[in-house]
Amino acid sequence: MICFILIFSFLFESVLSNIVTSSTLFTPVFVITSLTILYPYFNVKKISFVVVCSICGFIYDIIFTNSLFINTLSFGLCSGLIILGYNYINYNVYSSNILNIIVLVFYRLISYFLLCIVDFVIFDEIDLIRSIYTSLITNILYGVIMFIIIDLINKIFKLKN
């Protein structure tokens, strides 16, 4: 189930990013949102979750960006925040979306700082703020829908105790 959802997230993000321009309020980062929702299904295998997040970041680098290893590192750092976040919250739709918002903001901040450090692209703070608020609307909606679908699949097939 985890692989299917991650593949779906990559495909859906690529389709939606071709339809929606980057200047709108709807910038998808569905892979991070999916990883945030899927962490409890890794059955406390923290190292495997960090590895899966880093691999997803590497694939994200190859497919969507031209910045090799920036997203690999960003996704790996986000996995640590997801693990830490789930130590303090319950797994429900509200707390998962609050954690999703925190992880999205963290991802944008880390990506911004890593891109500035390596002088890959020069951004200003307005670009950072714009990238944060444009990704929140779509990803929160996607997170709610994915949470409901995953929870429904979990209840039908009894995948997680």
Side-chain angles (χ1 to χ4, degrees), residues 2 5-10 12-14 16-17 20 22-42 44-148 150:
I2 293 171
I5 291 170
L6 289 174
I7 291 169
F8 174 79
S9 297
F10 273 110
F12 189 53
E13 185 169 341
S14 65
L16 195 61
S17 65
V20 177
S22 62
S23 62
T24 66
L25 288 175
F26 307 108
T27 307
V29 191
F30 295 149
V31 179
I32 287 283
T33 300
S34 296
L35 289 168
T36 303
I37 292 170
L38 287 172
Y39 172 70
Y41 294 93
F42 276 82
V44 194
K45 296 178 183 170
K46 295 175 184 174
I47 298 298
S48 63
F49 181 71
V50 173
V51 170
V52 167
C53 287
S54 298
I55 290 171
C56 286
F58 182 73
I59 295 169
Y60 199 89
D61 277 326
I62 292 171
I63 295 174
F64 295 112
T65 65
N66 195 18
S67 56
L68 197 58
F69 300 119
I70 297 290
N71 283 306
T72 307
L73 183 58
S74 297
F75 277 47
L77 292 172
C78 285
S79 69
L81 183 62
I82 293 167
I83 292 168
L84 183 67
Y86 273 112
N87 287 334
Y88 295 103
I89 65 170
N90 293 326
Y91 185 69
N92 62 46
V93 69
Y94 303 112
S95 58
S96 292
N97 271 311
I98 290 170
L99 181 60
N100 185 28
I101 291 168
I102 293 168
V103 170
L104 286 169
V105 171
F106 182 75
Y107 167 72
R108 292 295 186 184
L109 288 170
I110 290 297
S111 297
Y112 171 79
F113 289 122
L114 288 174
L115 288 171
C116 288
I117 286 172
V118 298
D119 283 336
F120 186 75
V121 179
I122 304 301
F123 292 113
D124 60 2
E125 290 78 24
I126 300 299
D127 291 330
L128 172 64
I129 293 168
R130 186 178 305 121
S131 75
I132 291 171
Y133 76 76
T134 58
S135 63
L136 288 179
I137 297 170
T138 308
N139 290 295
I140 291 170
L141 181 63
Y142 181 75
V144 169
I145 292 169
M146 286 305 291
F147 185 92
I148 292 169
I150 291 170

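A pairwise comparison of heavy atoms in Arg108 and Ser135 identifies NH2-CB, 3.4 Å as the closest pair. Across Asn97 and Ile140, no two heavy atoms sit closer than the pair OD1-O, 3.7 Å. Between Glu13 and Phe30, the shortest heavy-atom distance links the atoms OE1-N, 2.9 Å. Closest non-hydrogen pair, Val50 versus Ser79, comes out as CG2-OG, 3.5 Å. Shortest non-hydrogen contact noted between Cys56 and Val31 is CB-CG1, 4.1 Å. Of all heavy-atom pairs spanning Cys53 and Leu35, the tightest one is SG-CD1, 3.8 Å.
The side-chain heavy atoms of Ile32 and Tyr60, taken from C-beta on, include no pair separated by under 4.5 Å. Within the 4.5 Å cutoff, the side chain of Val52 has no heavy atoms near those of the Leu38 side chain. Between Met146 and Ile5, some side-chain heavy-atom pair lies under the 4.5 Å cut-off.
In this structure, Ile47 places its CD1 atom where only 12 or fewer heavy-atom neighbours from other residues, nucleotides or ligands lie under 6.0 Å away.
If you take CG on Leu104 and CG on Leu99, they are separated by 9.5 Å, rounding to the nearest 0.5 Å. Taking OG1 of Thr134 as the start and CG of Leu136 as the end, the distance is 8.0 Å to the nearest 0.5 Å. With rounding to the nearest 0.5 Å, the separation of OH in Tyr39 from CD1 in Ile82 is 9.5 Å.
The backbone N or O of Thr33 sits nowhere less than 3.5 Å from a side-chain atom of Asn139 that would complete a donor-acceptor pair. A donor-acceptor distance shorter than 3.5 angstrom exists from the side chain of Thr72 to the backbone of Phe58, with no hydrogens or angles considered.
Counted by atom type alone, Tyr86 and Ser96 present one or more donor-acceptor pairs between their side chains at under 3.5 Å.
The aromatic rings of Phe10 and Phe64 lie parallel to each other, with less than 30° between the two planes, well short of the 60° mark. Ring pair Phe8/Phe12 is parallel by interplanar angle, where below 30° counts as parallel and above 60° as perpendicular.
In this structure Ile110 satisfies the side chain to side chain contact (heavy atoms under 4.5 Å, CB included) test together with Ser74, Leu77, Phe106, Leu114, sequence neighbours excluded. With sequence neighbours excluded, the residues that form a side chain to side chain contact (heavy atoms under 4.5 Å, CB included) with Ile98 are Ile102. For the side chain to side chain donor-acceptor pair (under 3.5 Å) test, no residue two or more places apart in sequence or in another chain qualifies with Asn90.
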